Amino acid sequence: GDIKFGALYKAYNSADKSHNVIIDAVLSAPTGSITDEDTQLAPDGTRPTARLPYGMQLGSGTWDALVGAAYWGKEKKWGWGAQYLATIPLESENSEGWRYGDKHEVTTWLSYAWEPELNANVRLRHESQGEIEGIDPKIYGPGLGADPDNYGGTRTELALGANWMYAPAHNISIEIAKPIAQDSNGVQLEHDQSIMVSWRNAFF
């Protein structure tokens, strides 16, 4: 896939560290392939080798900027915050003649610590992305993924999660997210739900 590199800047920390602001600036390099092919089933029953749809390619093909800001605060057992992130292609098209639409994400959350090692959170996230601009003439066929108009749209989802820190700098978290509103561009499958499980381990 594409390789991302950048920096986080601590823009503000209150004296008691109960209010914090971080700015992030990331550059995505187009190292992922956008010309992958595979055997596909055609309507006439044949199995030609053709270029895979846009969403199945490994990269964007363009240099992209990811810029955003996050704020979070805490008071006793309560925590809260918000984050904004934009993914903006820096080129009008890639080498194959297309690019992804601009993407904007806004997230806000509230958390509560039942114990110092265990907390729960509720999170509201909204995502908006434009249609693919341009067209790759080698991506064709009756499949929905071959039409650049069938990409992007808006989705708002509500998530519930829990985080358990079983040792210093070691934690396990789980989160279940379900859309409460979505409006996809063109014809797309609806997003049903997501379950995310992560394990983090820091080494000193």
Side-chain angles (χ1 to χ4, degrees), residues 1-28 32 55 58 60 64-88 100-130 151-185 188-204:
D2 293 344
I3 294 177
K4 298 178 177 65
F5 54 94
L8 297 176
Y9 174 67
K10 188 183 295 183
Y12 175 75
N13 275 107
S14 61
D16 59 358
K17 297 186 178 181
S18 61
H19 300 281
N20 309 269
V21 176
I22 281 185
I23 306 296
D24 57 294
V26 177
L27 194 63
S28 177
L58 300 178
S60 67
D64 303 327
L66 286 77
V67 293
Y71 158 80
W72 73 95
K74 61 181 180 179
E75 177 68 28
K76 296 181 179 179
K77 292 189 174 185
W78 291 96
W80 59 88
Q83 181 181 30
Y84 167 76
L85 180 66
T87 303
I88 309 295
Y100 282 111
D102 296 352
K103 184 177 181 181
H104 302 272
E105 302 171 69
V106 178
T107 303
T108 183
W109 67 88
L110 179 68
S111 66
Y112 182 79
W114 299 100
E115 300 290 343
E117 302 83 13
L118 179 65
N119 67 70
N121 68 82
V122 58
R123 183 171 63 91
L124 186 66
R125 177 179 175 271
H126 178 76
E127 172 187 307
S128 175
Q129 185 171 21
Y151 288 84
T154 61
R155 183 169 80 238
T156 303
E157 61 185 15
L158 183 66
L160 299 174
N163 182 73
W164 175 44
M165 184 174 292
Y166 59 91
H170 297 67
N171 69 296
I172 297 174
S173 62
I174 183 170
E175 185 179 64
I176 299 174
K178 191 168 184 66
I180 56 177
Q182 53 187 320
D183 183 15
S184 301
N185 295 331
Q188 300 183 47
L189 292 173
E190 287 190 343
H191 188 86
D192 186 21
Q193 64 182 10
S194 303
I195 299 177
M196 292 154 281
V197 180
S198 66
W199 171 63
R200 298 182 181 88
N201 188 8
F203 300 93
F204 299 96

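Atoms considered below: every heavy atom in the structure, side chains included; atoms not considered: hydrogens, waters and symmetry mates. On a predicted model such as this, the values are computed, not experimentally measured, just so you know.
Here CG of Asp64 is found 7.0 Å from OG1 of Thr87. Values are rounded to the nearest 0.5 Å. Considering CD1 of Ile23 and CG of Leu8, their distance stands at 10.0 Å, rounded to 0.5 Å. A distance of 4.5 Å separates CZ of Arg155 from NE2 of His191, quoted to the nearest 0.5 Å. The distance from atom CG of Asn20 to atom OH of Tyr12, rounded to the nearest 0.5 Å, is 8.5 Å. Taking CG of Leu118 as the reference point, atom CG of Asn171 lies at 11.5 Å (rounded to 0.5 Å). One finds the CG atom of Asn119 at 9.5 Å from the OG atom of Ser173 (value rounded to the nearest 0.5 Å).
Counting non-hydrogen atoms of other residues, nucleotides and ligands closer than 6.0 Å to OH of Tyr166 gives a total above 12. Environment of CD1 in Ile180: crowded, with over 12 heavy atoms of neighbouring residues, nucleotides or ligands closer than 6.0 Å.
The only option from Gln129, Glu127, His126 that meets the side-chain contact (heavy atoms from CB on, under 4.5 Å) definition with Thr154 turns out to be His126.
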Carefully, step by step, assess Leu160 and Ile176 under the rule side-chain contact (heavy atoms from CB on, under 4.5 Å).
-> CA-CA 5 Å; Leu160 299 174; Ile176 299 174; 5.6 Å; no
Name the atoms and distances for all side-chain donor-acceptor pairs under 3.5 Å in residues 102-116, with sequence neighbours left out.
{"residue": "Asp102", "atom": "OD1", "partner": "Arg99", "partner atom": "NH1", "Å": "3.4"}
{"residue": "His104", "atom": "ND1", "partner": "Tyr84", "partner atom": "OH", "Å": "2.7"}
{"residue": "Glu105", "atom": "OE1", "partner": "Arg125", "partner atom": "NH2", "Å": "2.8"}
{"residue": "Thr108", "atom": "OG1", "partner": "Gly81", "partner atom": "O", "Å": "3.1"}

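Gly153 and Asn185 get closest at one heavy-atom pair: N-ND2, 3.2 Å. Scanning all heavy atoms of the two residues, the minimum distance from His170 to Ala202 falls at CE1-O, 4.0 Å. In plain terms, the two heavy atoms of Ser60 and Asp2 that are nearest each other are N-OD2, 3.0 Å. When all heavy atoms are compared, the tightest approach of Ala162 to Asn121 is N-ND2, 4.0 Å. Residues Gly152 and Gln188 come closest through the heavy atom pair O-NE2, 2.9 Å. Heavy-atom minimum distance, Trp199 versus Ile172: CD1-CG1, 3.7 Å.
The salt bridge (charged side-chain N to carboxylate O under 4.0 Å, His left out) check on Lys178 picks up Asp192, with sequence neighbours excluded. By the salt bridge (charged side-chain N to carboxylate O under 4.0 Å, His left out) test, Asp24 is found to be paired with no residue, residues two or more places apart in sequence or in another chain being considered.
Aromatic ring orientation, Tyr100 versus Tyr151: perpendicular (interplanar angle above 60°, classes split at 30° and 60°).
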